[in-house]
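This structure is a prediction, so every number in the text was calculated from the model and none was measured.
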Amino acid sequence: MNTVRYDLPEVDDFTRPYWDAAAQGRLLLRRCADCGRAHHYPREFCPYCWAGEERVTWEQAGGRAVLYTWSVIHRNDLPPFGERVPYVAAVVDLEEGPRLMTELVPASGGGSSGDGSSGDGGVVSGAGSSGAGLRVGMPLEVAFREAAEGVWVPVFGVA
């Protein structure tokens, strides 16, 4: 019997460029040519000025962010999250402006820059299960973790 996974994206034709880039170690955003603002999650229109798909394009993000908020998760019954507790769920502010929900991983070994290696995830180094050591505004950097064969997701570690 296959267990349903709640951590995998539903890739469609529109979001495929985002997930393909993640598998290559690149984080993409959408930017509006009318108002100039970047946004995330990927949408076919600008959520700020409502410009249509022809005015919103993909661009590569620099991968730098700051911590906006976080929570240390000690229990999660949805597969496969229960196997990874404790872990740090976080919201980060990307340098380009958008806010992104993600997971914080150890600065070394928690993810990959898309080179095919992946780490074991877990609580950010030095943070402990209480989240000690984390602070709002701390600098972070994107990494990528292979969630399933060929499916890479952006995660962040302390810069």
Side-chain angles (χ1 to χ4, degrees), residues 1-31 38-44 47 56-131 133-134 136 138-159:
M1 179 172 130
N2 283 340
T3 302
V4 174
R5 298 260 321 248
Y6 293 92
D7 64 331
L8 299 178
E10 291 184 25
V11 179
D12 58 25
D13 288 340
F14 175 71
T15 61
R16 188 166 315 284
Y18 177 84
W19 298 110
D20 287 349
Q24 298 166 7
R26 299 182 301 119
L27 179 62
L28 294 185
L29 300 173
R30 301 276 287 169
R31 185 171 299 275
H39 65 269
H40 187 82
Y41 62 94
R43 284 165 270 199
E44 295 170 327
V56 183
T57 59
W58 294 103
E59 75 172 37
Q60 185 169 328
R64 290 173 298 282
V66 295
L67 184 59
Y68 176 75
T69 191
W70 75 92
S71 180
V72 178
I73 309 301
H74 294 277
R75 181 181 172 128
N76 189 332
D77 295 330
L78 296 175
F81 297 107
E83 300 164 5
R84 297 200 310 241
V85 293
Y87 64 90
V88 179
V91 177
V92 302
D93 287 331
L94 297 174
E95 187 175 66
E96 293 82 2
R99 194 165 273 168
L100 172 73
M101 188 165 195
T102 187
E103 183 177 343
L104 297 185
V105 296
S108 60
S112 163
S113 60
D115 62 3
S117 63
S118 63
D120 58 1
V123 176
V124 174
S125 179
S129 62
S130 69
L134 296 178
V136 170
M138 73 187 309
L140 304 170
E141 197 164 62
V142 73
F144 294 86
R145 180 180 58 221
E146 191 169 28
E149 187 175 338
V151 179
W152 292 78
V153 296
V155 294
F156 282 78
V158 177

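Counting heavy atoms from C-beta outward, Val153 and Asp7 have side chains that stay 4.5 Å or more apart. When side chains are defined from C-beta on, Phe156 counts as touching Val142, because their heavy atoms get closer than 4.5 Å. Contact annotation: the side chain of Val85 never approaches that of His74 to less than 4.5 Å [non-hydrogen atoms, C-beta and beyond]. Between Leu67 and Leu104 the shortest side-chain heavy-atom distance falls below 4.5 Å. Looking at Met138 and Leu140, their side chains come closer than 4.5 Å, going by heavy atoms from C-beta outward.
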Next item on the list: List the steps, then state whether side-chain contact (heavy atoms from CB on, under 4.5 Å) holds for Thr57 with Glu59.
Entry: CA-CA 7 Å; Thr57 59; Glu59 75 172 37; 5.7 Å; no
Next item on the list: Starting from the C-alpha separation in whole Å, work towards a yes-or-no answer on side-chain hydrogen bond (donor to acceptor under 3.5 Å, both in side chains) for Tyr87 and Asn76.
Entry: CA-CA 10 Å; Tyr87 64 90; Asn76 189 332; 2.9 Å; yes
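Remark: Glu149 engages no residue in a side-chain hydrogen bond (donor to acceptor under 3.5 Å, both in side chains) (not counting sequence neighbours). Residues passing the ring pair (Phe, Tyr, Trp, His ring centres under 6.0 Å) test with His39, sequence neighbours excluded: none. With sequence neighbours left out, the ring pair (Phe, Tyr, Trp, His ring centres under 6.0 Å) criterion links Tyr41 to no other residue.
When atom types are taken as modelled, the side chain of Thr15 and the backbone of Pro42 share no donor-acceptor pair closer than 3.5 angstrom. Looking at Arg5, its side chain does come within 3.5 Å of a backbone N or O of Ala147 through a donor-acceptor pair.
Scanning both residues, Ala23 and Gly150, for their nearest heavy atoms gives CB-O, 4.3 Å.
From Gln60, atom CD reaches atom CG of Leu28 across 6.5 Å, with rounding to the nearest 0.5 Å. A distance of 8.0 Å separates CD of Glu103 from CZ of Phe81, quoted to the nearest 0.5 Å.
Of the residues listed (Glu96, Glu141, Glu95), the one engaging Arg64 in a salt bridge (Lys or Arg N to Asp or Glu O under 4.0 Å) is Glu95, and it is the only one.
In this structure, Arg30 forms a cation-pi arrangement with Trp58, its terminal cationic atom sitting closer than 6.0 Å to the ring centre and no more than 45° off the ring axis.
Two rings, from Trp19 and Phe144, have their centers 6.0 Å or more apart.
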